[in-house]
Q: 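A single structure is presented below for examination.
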Amino acid sequence: DVFHKTKTDMRSCGALIATCNPSMTQFYYEVCYQQTGKELMQNFGKFVKRAALQYKSQNDAFPDDIIIFRDGVGEGQIKHVVNIEVKSILECLNSLKGFNGRVAEILVNKRIDKKLFKPIKDEVTNPEPGTLVTKEICQTSKEFYLASQEVFQGTATPTKYILIHNDTNFSLEQFYQ
């Protein structure tokens, strides 16, 4: 993800956090500062490569699968992420001697205009946490929406997920879980 402090015109801060053991209780992180307002990370492939190396140093092997949840990418930036960031990740990982892992990347977008409602008799209410939408409002077969929180006031805004790269053996349904 990338954080922007636009009111003070400070540089933007990008970060990657990766789990480094099978039980997902140990972590590796990288942080970089970049041009103010720039969402796309210049060194993302290198970050992922160093995270894979850290995983190997702790487990004596590279991970079989790397699943990246990439937050903060607007609709207009998806092509750039696919063409630049994903390409960089794959090139950096493939440069590692002995790496035979598979990669999936899912974009996570919380700033959307979709709302979810649950009809109950003559009224509508917010859906329960965990409500998953895979068809009705999805534009492609590689996206889904998830209502992940309980809302007591106002309307529930789901989070949109888009699978932009997948050479793992996981199906989209497995990513829902």
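No experiment lies behind these values; they were computed from the predicted model shown.
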Q: Determine, stepwise, if the pair Gln139 / Glu143 fulfils side-chain hydrogen bond (donor to acceptor under 3.5 Å, both in side chains).
A: CA-CA 7 Å; Gln139 296 174 342; Glu143 69 182 52; 5.7 Å; no
Q: Let me check something: do Leu93 and Ile67 share a hydrophobic cluster, defined by ILVMFWY side-chain heavy atoms less than 4.5 Å apart, either directly or through other members?
A: no
Q: Measure the spacing between CD of Glu85 and CD of Glu105 and express it to the nearest 0.5 Å.
A: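 CD of Glu105 is found 6.5 Å from CD of Glu85.
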Q: Would Gln26 and Tyr28 count as having a side-chain donor-acceptor pair, cut-off 3.5 Å?
A: no
Q: Flag yes if Val103 and Val48 sit in one hydrophobic cluster, no otherwise; membership is Ile, Leu, Val, Met, Phe, Trp, Tyr, and two members link when side-chain heavy atoms are under 4.5 Å apart.
A: yes
Q: Report, as yes or no, whether the 6.0 Å neighbourhood of atom CD on Glu173 holds more than 12 heavy atoms from other residues, nucleotides or ligands.
A: yes
Q: State plainly whether one hydrophobic cluster holds both Val108 and Leu132, where clusters connect Ile, Leu, Val, Met, Phe, Trp and Tyr through side-chain heavy atoms under 4.5 angstrom apart.
A: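 Linked, Val108 and Leu132 end up in one cluster.
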Q: Which value, rounded to the nearest 0.5 Å, describes the distance between Leu53 atom CG and Cys92 atom SG?
A: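 Going from CG on Leu53 over to SG on Cys92, the span is 10.5 Å.
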Q: Check Ala51 against Leu16 and note the closest heavy-atom contact, atom names and distance.
A: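 That closest heavy-atom pairing would be CB-CD2, 4.0 Å.
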Q: What is the minimum heavy-atom distance between Tyr55 and Asn21, and which atoms define it?
A: CE1-N, 4.0 Å
Q: Which atom pair, heavy atoms only, marks the closest approach of Leu172 to Ser141?
A: CD2-O, 3.0 Å
Q: What orientation do Phe99 and Phe62 show, parallel under 30°, tilted 30 to 60°, or perpendicular over 60°?
A: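 Phe99 and Phe62: perpendicular rings.
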Q: What's the spacing between Tyr176 OH and Leu163 CG if we round to 0.5 Å?
A: 9.5 Å
Q: Arg70 versus Phe44: any side-chain heavy-atom pair under 4.5 Å?
A: yes
Q: Would you check if Phe152 and Glu150 make a side-chain contact, meaning some heavy-atom pair closer than 4.5 Å?
A: yes
Q: Quick check: closest heavy atoms across Ser95 and Lys49, and the distance to 0.1 Å?
A: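 Smallest heavy-atom distance, with atoms named: OG-NZ, 3.2 Å.
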Q: Mind checking whether Ile66 and Ile68 have side chains closer than 4.5 Å, heavy atoms only?
A: yes
Q: Indicate the atoms forming the closest heavy-atom contact of Pro127 with Ala147, along with that distance.
A: CG-CB, 4.2 Å
Q: Name the one of Thr168, Asp65, Asp64, Asp167 that satisfies side chain to side chain donor-acceptor pair (under 3.5 Å) with Arg102?
A: Asp65
Q: Would you check if Pro158 and Leu146 make a side-chain contact, meaning some heavy-atom pair closer than 4.5 Å?
A: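 No, too far: nothing below the 4.5 Å cut-off.
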Q: Would you give the length of the straight line joining atom OH of Tyr145 to atom NZ of Lys160, rounded to the nearest 0.5 angstrom?
A: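 If I round to the nearest 0.5 Å, the distance is 4.0 Å.
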Q: Looking only at heavy atoms, what is the nearest atom pair of Ala104 and Phe175, with distance?
A: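 Distance-wise, the nearest heavy atoms are CB-CZ, 3.6 Å.
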Q: Can you tell me how far the CD atom of Gln174 sits from the CG atom of Asn166, to the nearest 0.5 Å?
A: 9.5 Å
Q: Please tell me whether Ile106 and Val86 are part of a single hydrophobic cluster in this structure, the criterion being side-chain heavy atoms less than 4.5 Å apart.
A: no
Q: Just how far is it from atom OG1 of Thr19 to atom CD of Gln58, taken to the nearest 0.5 Å?
A: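 One gets 10.0 Å once the value is rounded to the nearest 0.5 Å.
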Q: Check Leu90, Val82, Ile89 against His165 for a side-chain contact (heavy atoms from CB on, under 4.5 Å) and give me the one that passes.
A: Leu90
Q: Leu107 versus Tyr161: any side-chain heavy-atom pair under 4.5 Å?
A: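 No, side chains not in contact.
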Q: Among Asn126, Thr157, Thr125, whose side-chain contact (heavy atoms from CB on, under 4.5 Å) with Val151 holds?
A: Asn126
